[in-house]
Structures are given as C-alpha cells and as structure tokens.
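The first residue in the sequence is number 1, and the count goes up from there. All values below come from the heavy atoms of this structure, side chains included, with hydrogens, waters and symmetry mates left out. The shown structure was predicted, so the numbers you read here are calculated from the model rather than taken from an experiment.
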Amino acid sequence: MENNKEKNNNSKLVFAINGERFELSKIHPSTSLLEFIRTQTRYKGTKLSCGEGGCGACVVLLSKYDPVLKQVEDFSVSSCLTLLCSINGCSVTTTEGIGNSKDGFHSIHERFAGFHASQCGFCTPGMCMSFFSALINAEKTQRNDPPSGFSKLTMSEAEKSIAGNLCRCTGYRPIADACKSFAGDVDMEDLGLNSFWGRGDSTDVKISKLPSYTQNKVCTFPEFLKSEIQSKTLFDTEGCCWYAPDSVEDLETILDSVNVDNGGHIKLVVGNTGTGYYKELEPHNKYIDLRNIPELSVINRDSTGIEIGAAVTISKAIQALKGEGESISESTGNLVLTKIAEHMNKVASKFIRNTASLGGNLVMAQRNQFPSDIATILLAAGTMVDIQRGGKRLKLTLDEFLEGPTSDFKTVILSVKIPYWDPRSNFSSENKPQIKFETYRAAPRPLGSALAFLNAAFLAQFSTGQASDVVVLQKIRLVFGAYGTKHAIRAKKAEEFLTGKPVGVNILSEAIHLIRDTIVPEEGTSSPAYRSSLAVSFLFEFFHPMLEADMLNPNDTLHGYMNTLETSEPNNKFKPIHQSKCSSLLLSAKQMVEFSGQYHPVGQPTKKSGAELQASGEAVFVDDIPSPKDCLHGAFINSTKPMAWVKGIEFRSFPPLDGVLKVISFKDIPEKGENIGCKTIFGSEPLFADDITTFAGQPLGLVVADTQKHADMAANLAVVDYDTENLKPPILSVEEAVERSSFFEVPPILNPKPVGDFSKGMAEADHKILSAEIKLGSQYYFYMETQTALAIPDEDNCMVIYSSIQCPENAGIVVARCLGVPNHNVRVITRRVGGGFGGKAIRAMPVAAACALAAHKLCRPVRIYVNRKTDMIMAGGRHPMKINYSVGFKSDGKITALHLDILINAGISEDISPMLPHNILGIVRQYNWGALSFDMKVCKTNLSSKSAMRAPGEVQASYIAEAVIEHVASYLSIETTLVRNKNIHTYDSLKFFYSGNTGDPLEYTLPSILDKLVKSSCFHERFVAIKCFNSSNKWSKKGISCVPIVHEVMLRPTPGKVSILGDGSVVVEVGGIELGQGLWTKVKQMTAFGLSSIGCVGGGDLLKRIRVIQADTLSIVQGGFTAGSTTSEANCEAVRLCCNTLVERLTSLKESLLEKMGSVSWETLIIQATQQAVNLSASTYYVPEVTSMQYLNYGAAVSEVEIDLLTGSTTILRTDIIYDCGQSLNPAVDLGQIEGAFVQGIGFYMLEEYITNSDGLVTSDGTWTYKIPTIDTIPKQFNVEILSSGHHQKRVLSSKASGEPPLLLAVSVHCAIRQAVREARKQLISWSGTNESYSMVNLDVPATMPVVKELCGLDNVDRYLQSLLK
C-alpha cells in the first residue's frame, strides 16, 4: 500500500471548465465543484443557494468521454454536492460556457429573456443549465429530425427538465414557455407573452422571430482532454487522501490499511449526494471513490433478472430497468422493472439522480435510516444484494440487509439483483397465475426533491377462480417505508392473512386492521395518523380493482395511481388513471394584456433590463464580487435557547479548526459604538446577545475565518454553555404574552378606526356566530440568494459595504451607530438583490453590521454569505396570528356587523410589527361588513423578530375575510358565492369603509372585474359541472371559488437623478433597489419617454442609450425602503421630473440649433449643450401629494382544484385572474409580478410550514423540510388578464401597483379546497349513516396533504368498506 501511495503521490487532477484546462496537484478532497468554480475561477454564474442539491441554482453540465465507444456523455449535476476530485478527466460547462455577452448569448439565454422568464435572475443560470442538459441529450436520440430551429425535445420533456429547480419570483409559467419554445412538438399559439412577436403574427413569422437554435453548437468536451483520461487518481494533501481503486481487491487493501482508532475518518464516494441530507460537520481524511471498480458499475441481464452495480447512478439504473437501447419482450417480466423505473423517476431531481448511486441510497437507508423510496420498491420486488463485509462476500435478501447490523465503512454493497417475475397473462377466465405490481408515494410535491410521508410497493401473484370476477391471492408482498420507521418493512402478518384468500370486502377490511396495527410511526414523527392512513389508502387502491364486481358501483373507480399491469390489456374492465394524477405536466396559459402607445416606450412589454446577463451568469450579485486581498469570511453562531445566560462558547473539534481567526461578539463593539443590528422607526434590535440570549436563533457571535467553508464549519462546531438560573421563563406564544401583558405599543397614527356601530349591526342581525377561532402560521421568504454582505475598510476610518438589501440607507445608519462614526463614513452599495420579498429590508441590516464590525476590528475586508439553515433560523418571516371573530348576518347572507380580536406574534423586537393593524384593516375592509370593530394586540414574545414579508398582514387579512364569508355561508347552508356577492361594496359603502382613498366612481372597477371574470372563466357552467363530477366520483372531489380583492397601497417620497454624458448616453440613479420586480426596466422606459419629448431626430433609440446604476448611499440620499409595491412608480415619477428639468434646459438650445441646421440629432444637441455649459444632470426628490398618496387596487381570481381523498393531495386545475393595473408601465413586468405573487401565495395557503421546536428554534431549516411551490404545483391552466382601466389622473401616467396585491388572490385556491373538502365530508358522513354536520370546514393554513386528508377522513376507506358490508 505504501509503495502504491508513493508511486501515485504525484498524481494530478486534470479537468476543463468551459473549455479551459485546469490542473491541480493539491486540493483538499472535501472541496466541492461549486466551491472551486466560485472561489478559484472567474465564473460566477453557478450560484450557491441551498447547499443541499434541493434548489438547482448550482446546476452545471458534466461531460465524460468514453475512449472505447468514443462518445461523450453529458448530464446535469448539482455542483454544491459534487466533489472536485471526482471530476478528474471530465469537462464542466457552466451557463457562461454556452454563451455570454462577449461571444454571443445562447438562444436559451435570449429566449429566457424574451419570454420574461427571469426576474431577480439568481435562479436563472441553474435553470438554463438544467434545460441545456435536457436539450443536448434529446439531440442524441434516434428521433426524427425536428423542424428547422427546433430541437428533438418534446414539450413534456421541456417542462420536466426544470422540475427540480426552484424559483421564488416568476411563478414558473414564463420559464416553461421559454423551454417549450425549443420543443419540436410545440404549438406556437400556446406560447405566452414575449418580446419577439406581436399580436396577429402568423406561425411562420413567429418562428422566424425566435432567436435561432442550432444543434450541437456548444462543444461540451474539448479535444485536448480526450488524451488525458486517467483511470486512477490518488491525492495526498496534508494528511487527507483521495483514492480511486480499480478493483474490489484494491478497495479491500485500502480499507484494511485504515486505522480508525487513530482518528481516521473514511468516506466512500460515488456521487456524494448523501451530504445534501446528512450534513458533514467535519471533513473526512480519507475519501475512496468507488466509480472505477468494474464490479460496482455492472449492468447484466439474464433469464433470472437484472443485476445492477452499486455504483450505477439512479439515472442509469432507470435506463437499464426500462431496457433503453435494448429489444426486450414484454413477456419476460419487464413490466415490473418498468414500474420500478417509473417510481425512481419521481425520486429526487434529475441532476441528483445523475450522480446518486443505487448502492449509496440503500446504505443510507440501512445505516442512517434514510426514508428511501428505492429500498421500499426493491424490497417489494424481492431484490437480492451482494455485499463485501470484512473481507467476506455475502449474498443477502434486501430484507436481511436492512434488518442486519448497521453497516460500517468496511461494508460495501457490490450489486443488487432484481428478479424477473412470472409472465403476466390477460385478466381472463383461465386459471393461470398473474402478476400485479404497483408502487406508491405521497409527498408534498409530485416531482423533484421531496421525501415521502409514506411510500409503498405491493406485488401480488393471483389467479381468477371459476367465476371470473373472483380473484384469489397466491403470493403477496406488502412493503411500506418512510413513515417514521428505521427502514422499509414487509407487513408479514397481512401477507400471511391474505395468502390463499379470495379478495373481497370482508377480507380487505381485515387486512386493513392488520396494516393499521403494523404501520405505526415512531414517537416524534410528524403527522403519524396521516401516515398510517396512507398505508390503508394505498392498500385499498391496490386491491380495489380486484373486489367482487357486484359489491361495486359502476362509478366507483379510483382516480389514483391505477395504471397497473392489467390496465394495458385491450379488454381491461377497469378505467385508466385519472388525468389530474398524471405527472406529465403540459401546462397551459393565456395572457390578455393591452399595450398603450400614449407614453411610448412606457406601456410597452419591454424585456427586463439585463435579463440576458442574468441568464448567462454575468450579472453581478454581492457574493459574485471578487474578494479583496486578505479578505476574511464570517458565519454566525446562533443561540438555541430562548431565554438563558450565555456563559461561554467553545468548539468541539480536535485537531483545532483550520483558518479560524476570531469570534466577534458584543464585546468587540467600539467604545463609542452601540450594540445595534437593525432599526426601524419603532425601535432597534441588538446585533449580538450580550450576557443573556432572548430568543432561539439570536446571533451570539460571528466566527471569522480564512474561507466561508471554514467559518461555517466552525460555527456548526460551536458549543454554547447556557444557564437559566434566576430568569423568568420565555414567552413563546401569544396566549402567554397576553397572560404577562407583553405587548408593543402601536402609535396612535397607525391605529385604525372602527367603521360603523357594531352593537347596532349585531342587533339588526338574524343570526350570530360568536368567538370563532382561526390560527395562522408563519412563512419564510425563501429568496434564492441568502443574506450576504461584503465590508471593506477604507481610509479615514470609513467603511464601504456591498449589501444585498432593500434599504441601503438604513443599513448605513445602523453600521455608523454600531461603529460610533458619522453617517458619511459609511457607504452602502447595492446593485441588485437576488430576491427580497421584504426579507432583505430590516433583516439584512445585521449581516451588513456584523461584516462591518468584524472588518473594523480586524482591519481587513470581511464578507458573509449566510448558509440557508442559518438564514432560515434568523429570518423571522411572516407574522403568526390568532384571530377570534364574532359576526352578525341576515338570513340572505348580508352581514351586518363583524368584530375581530387579533393577537399578532411580533417576536422579540418591534421591527415593522406596529404597522400590522393598519395593514390588516386595509384588507379586511374589502367587504361591506355593515359595521366593523376590532381589538388588535402586537405581542412581544421570545421568538425571532417577525418582519415584513410580501403583503405583510394583508395576506392574513384576506384569509380572515374569506373565512368569515365561508363560515356565514356554511351556517346558512347557501352557496358561498351568494354571500360574497351580497357583501361586495357599492361605491357608497366603499367610500364609507375607505374614507378618502377611493378615487372617482369610475375608478372602482371591482364590480365590472367580477362580472367579466365570471363570464370569461365560465364560472357558473363549471360550478354545475363540478357538482356533477363530485356526485359521480368517490375518491376525487373538485371545488371552485371566485374571490375579489381590494388592496390599499401608499406612495412614499423618493429621490432620482438623471445625467446625460458627453456622447449622449444617459445614466440614471434612483432610490429604489432592483429586486427582480423590473424597477430598472420601468425606470429606463420612463427616462426614454421623458427625454424623448425634446423631439430630436433619431431620438427613438433613447432606450438603448440609458443605463440605471447601482444604489450608493453617499451618491443619492433619502433612498428609503424598496417595499410596498409602489417603489417602481414613485421612482419613475422622480425620474420623469428630472427629465422634465433637463428638457427645459435643452429646449432653447435646440430651438436655436433648429434655426441654423433645420434638424437636430440627439448627439448634436448634447455636444452643443456640453460646449455651452448646460447643466446635463438633474436630481429631484419626489414627494407625492397627501391627497393622492394612498389608493386602492382591485382584482379577482377564480380557482378550481381537485383533491385526492386517499392521499389528501391537491391539484390546482385552473386559475383565472383579472387584475387592474391602471395603464401598466410595462405589461410584461406587471404580468410577471401578478403570476409570481399568486404562486407565492399558493405556497402560504397550501405548502409552506415554517415550524419551530418547543424552544422556538426553527426546525424547517432547508429544502428537505420547507417546500415552496414548484413547476408541478402551480395551476395546470393559468390565465391572467391585465385590465387597462383607463385614465387615473392622480396616478403616475395612470399606472397602478402590481407587486403585492395579487398574492392575496391565492386565497381562491384555499377556498376551492375548502369547497372540495366539504363535498368529501358530506360523502364520508353518508357512509357512516350519522347526522354530523359537514358544511362547516375549518381548513388550516397551509392546507397541506395531512390537513386535507384528515378533514376528508383518516378512516374514509374503513367507513366506505363498512358501508358496503351494510
């Protein structure tokens, strides 16, 4: 072994990135590909977002060359998990490598930009690379050549190519359109709004205007690398080794040489994807790459089954199981293998499956109790495993392996063998045995990374008796996993009971009792009853087609995963899978927008400024700025206790941690400085805890190290000594806050006033509901770019800070106070933000302040890129609330009075929480309640400070209003739509509730919006059709809902500056920050409009001459907050005023030049103005008029859903939105805001659970536990119309806001789910034969699968079977 080590000690790592050769002789084996790309190359397009392989921001293309076949294999990988040492001899392509501004953008970049598919742009490079991988692999297939300009990719494949990529901005629809535009089977009419063609263009014209796509344009594997392929690699860097054995014997030799007792940490590596779930607090010192061992990479078929090597990736295993490239008869049991492959396609994302290994998945399931789908389905198929343990080779059943002793690093799976099962035959009267194999999973999302609540796989061998409708089971394997158990198990008692019995209702009922006794989640598992009910549901779904025909109603067909082996028979008597359960996506959408030429180019759907740069990865975010010389990196140490003395901090590590310089704490704040981390007009919050930590998640200190990796590792290894002696218990709920009178004061100016006489209204009521209760949880921002800052000490005790923040000015003030210096000593620069949603406002300040404090203390640049877990722990998020309401109403549904008692959980500091009562009432007033009174308290608790999140307080208020409406309708047993319509405002009642903010009667467009939407969405016809559907379908129910919004916004003062340079180009500065909301785009359009009024020849191309530059707090002051939906229009108005000033200065000069020259070009005018000393820079501070600074926005949405009563899953079938944008400044930008906000609202109402433990510490701290919407969870049909509502004299060019109001419309989905659940409960009660009430449904937010299933009946299968027996 030592000789081998010496012989290979000079091995080098050789690879290419974007065609550029890299050769390394020293690298730590724990270095990821992403870390290398971002720190050691000039390429910054590959982003770090989650660090878990769960978001797709870091996706690149990895290419390998096979010298035998002389073929290049290309596949997408998650670079944050891929170890650099594993890419020896490979080529990496990033988004810069397929196209860029210098060499020309790729058509992917251009189409993403043209279809408005990039907003903040942080996720876009990863999206582009996921799609590029699918694109080039489709070109390698043997399909027919597509039409010119298109690819061999299908529309379905195009959509699925980005199923594992997250986006928080766009709502996915435009991204899907950009991808589908490459598909050979695309219908051009189906593609959405874009900047390439106009209305009325023919298909041929549209195709000609698309950026051209040429196959095989990008070389993914350079020629020079083909001669440098190495089969063996060994590195030895400072005691850390990377081995790549090429035989099992070589592997055994290496393993035998390891002495674990002497501190050896061994890691066996194939794809390293397991670290996405099981985080490594410390690096190993020996890494063994198993991919070069032939036995572990084998794929063999014989007459008994298929053998797959343990190092084979899941993607390649799927190909092998499907028999791709082979001619395989269906009569050889291959349909079982196909089922396994289909299930594997639902596991993880494509870029994870491309490197994750089959063996690694099974080892994690056995060693770490990973909730594996693969272990479950292979166990059901009777799989054998071949393992090497302690020098011995063993063949075990998968049951034996899973139940055996925990595998150590010397236990290696060599291969798995999946047997063929008996050939199937028709479901006929013959007595032949037949095979039925099915797999199941219930997970928060259909595709992409999502652990199952429970997975299952069943294999049955059966025969039909003398009567062809009786099925007798001969053998049965029932396997369940992922439900809160150590590993997948066989339900052997149920198997034994069922064997030899005919399948009937009695038998199935008994089997279900056995399953309930067997599938019992371990203590501490979330939703245990739900998981147990899933086991019953899946068993029922499996056996349902086999039940005696005379026991079943003809309509009693399951709409579940019923695509069993029998269903492909020509004469199959069972109906196929219901359309809504398919995962083929194929989304559809329509966009109705009107363009106005009145203020050209304002009003045009101009593509987002810099969108191509975002797609190509050239747009610079804070973490993309190259590190200055001697730069250090910081990571927060956070408290895990809500109220405790902090006695000390130590690190659990031996040997000592690499690269750690210091832990910065409150003790390092300068003498004249303050311990301040953030501030608002209501108060401030400390940067670090002092002697007492007051909430779990509070920063205790900042570890400063030489790299971000070392800083993060040190922070993870920190051990804090706590003591709770002589301290009061923490306040962790609003109820406790009330008991201890722990409240924040709401300033009188923000205290809303009651409307009408509540007592009188209640006296007029025919009916009353008293003290009904609602509870609402929190929501995390999930901006793709986490909190980040870079602080650079400057001369004369100054500090320059680059921060990803929505309010740079306030960050500068906080930093100045923290350091004890004047404000002018601190310069904060923000170019763009990778998603904010309010979370980069107040909560970004402590990151900038910590950076600055560390830089000040150490006299060196310091930067922080907060890891996702820490970000989620510190962020705070949306405000949880507890609401009690009392409402009085007439028998016809007209509400006469509403009273609200609301407890708002603000957390530990004020932040913006005192504004919440004002925001809540602004939305609650959207209905005419007759009279409205309330008592709202802002509670101070020992939790992280809750902050502004897109529509703060307003999204909760929309739910409160709709919950009251729904409750009244349920009480009266009338349709909810009737109650809504009864309480929609007239213009007079609107004036009564909203005082002076209503505008003219013509501006109240809500009634006409509702009328138009009801017709365009065919609401009434669909309502009737849904009733028919629900009456004839037992296991699926639909619901539909039409919901209005009235949303109040307010303009704020803002600065602007426009400067014309000597060559006629224009530079613009504004107070607002580009977050992805298109602010820069609208500002450029407004600048072009404003300057074009000078009327120069050639002035039509002004838009191309304009550049908006980054915000700089010492260049443009009083920038304020970028928040509240109105920043774009306010900044546009500031810029327009600047342009008016410049035009006024230039007009007299232009007129004099006209007299001399006859015509004047823009260039000539500016040259002359420069020579004649005309001031070509104008600045302003726009202050809106008090009488018009607040106004109302209107919109409405119709959503239709379908719920699966067996799993609780919800499919949004269709959403139609009409939203009033006034005269849109840019319809494409506003459309993106409407769709993106709506989908973010779907997350709040359906998916996102921001959970804490008993100490208030966030436990939903990553992509595994926190699920935002993905492309497979948005509406299948998504129609949006932007209403151009004419002239609004007091608005900026008649425009209205679009950023936050549409988010509230997502409540329509929740209301539709509630309606579907009501139908399910009605059916459930009918089965029981009881007199329970089904009409009132308390549907929690979010309406997750467990929540929906519980309301539909955790025992609905049992009740149904009992009803049959009766």
Side-chain angles (χ1 to χ4, degrees), residues 101-102 104-105 110 113-114 195-198 209 595-613 1055-1070 1078-1110 1115-1116 1131-1180 1182 1223 1225-1226 1228-1229 1292-1293:
S101 57
K102 183 179 178 182
F105 295 112
E110 293 173 320
S195 62
F196 302 124
W197 60 72
K209 289 183 177 181
F595 311 144
S596 170
Q598 185 177 358
Y599 308 113
H600 188 87
V602 173
Q604 297 301 301
T606 307
K607 67 183 176 185
K608 185 179 184 295
S609 175
E612 289 95 345
L613 292 176
K1057 182 179 179 182
V1058 179
S1059 303
I1060 305 171
L1061 306 184
D1063 64 348
S1065 59
V1066 182
V1067 62
V1068 183
E1069 293 178 77
V1070 290
L1079 183 149
W1080 282 6
T1081 309
K1082 288 181 176 179
V1083 164
K1084 284 180 68 173
Q1085 289 173 275
M1086 184 63 85
T1087 306
F1089 163 70
L1091 294 179
S1092 66
S1093 64
I1094 194 70
C1096 287
V1097 175
D1101 65 345
L1102 272 175
L1103 197 62
K1104 297 177 182 177
R1105 298 175 181 268
I1106 299 165
R1107 180 180 297 276
V1108 185
I1109 63 171
Q1110 61 197 17
S1115 176
I1116 190 164
N1131 279 252
C1132 282
E1133 182 63 7
V1135 163
R1136 191 179 71 85
L1137 295 174
C1138 292
C1139 291
N1140 289 348
T1141 301
L1142 291 170
V1143 168
E1144 188 178 333
R1145 291 174 190 168
L1146 290 167
T1147 297
S1148 59
L1149 174 60
K1150 185 212 167 190
E1151 289 173 351
S1152 65
L1153 290 172
L1154 270 176
E1155 292 176 7
K1156 298 175 185 176
M1157 304 171 64
S1159 66
V1160 181
S1161 68
W1162 174 257
E1163 291 88 345
T1164 301
L1165 177 63
I1166 300 308
I1167 289 170
Q1168 290 296 316
T1170 304
Q1171 292 174 353
Q1172 296 187 32
V1174 175
N1175 183 357
L1176 293 178
S1177 182
S1179 59
T1180 189
Y1182 163 60
Q1223 288 191 29
L1225 298 176
N1226 183 319
V1229 167
V1292 176
L1293 299 192

ring-ring contact (aromatic ring centres under 6.0 Å, His included) against F595, all qualifying residues, sequence neighbours excluded: none

Spacing of N1226 atom CG and K608 atom NZ [to the nearest 0.5 Å]: 11.0 Å

Value rounded to 0.5 Å, distance of SG in C1096 from CD1 in I1166: 7.0 Å

Derivation and outcome, side-chain contact (heavy atoms from CB on, under 4.5 Å), residues L1225 and C1132: CA-CA 9 Å; L1225 298 176; C1132 282; 4.1 Å; yes

Spacing of L1091 atom CG and L1103 atom CG [to the nearest 0.5 Å]: 11.0 Å

Contact summary for T606 and A1228, nearest pair of heavy atoms: O-CB, 4.5 Å

CA sep, side-chain torsions, deciding dist, call: F105, L613, side-chain contact (heavy atoms from CB on, under 4.5 Å): CA-CA 9 Å; F105 295 112; L613 292 176; 4.1 Å; yes

Heavy-atom closest contact (A1088 atom, L1102 atom, distance): O-CD1, 3.9 Å

Pairing of E110 and K607 as salt bridge, 4.0 angstrom limit: no

Passing option when T1087 is tested against P601, C1138, S1092, C1139 for side-chain contact (heavy atoms from CB on, under 4.5 Å): C1139

Side-chain donor/acceptor of Q1085 to backbone N/O of Q604, under 3.5 Å: yes

Side chain to side chain donor-acceptor pair (under 3.5 Å) contacts in which one or both residues fall within residues 1168-1177, not counting sequence neighbours: S1059-S1177

Non-hydrogen atoms of F1089 and Y599 that approach each other most closely: CD1-O, 3.3 Å

Rounded distance (nearest 0.5 Å) linking atom CD1 of I1060 with atom CH2 of W1162: 4.0 Å

Minimum heavy-atom distance L1154-V1160, with the two atoms named: N-CG2, 3.8 Å

Test log, rule side-chain contact (heavy atoms from CB on, under 4.5 Å), inputs V1135 and V1068: CA-CA 8 Å; V1135 163; V1068 183; 3.8 Å; yes

Approximate separation, where rounding is to 0.5 Å, of I1094 CD1 and L1165 CG: 6.0 Å

Whether over 12 other heavy atoms sit under 6.0 Å from R1107 CZ: no

For V1143 against S1093, the heavy-atom pair lying closest together: CG2-OG, 3.6 Å

Separation between OG of S1159 and NZ of K1150, rounded to the nearest 0.5 Å: 10.0 Å

Derivation and outcome, side-chain contact (heavy atoms from CB on, under 4.5 Å), residues V1108 and T1081: CA-CA 9 Å; V1108 185; T1081 309; over 6 Å; no

Which atom of D1063 lies closest to which atom of E1163, heavy atoms considered: O-CG, 4.4 Å

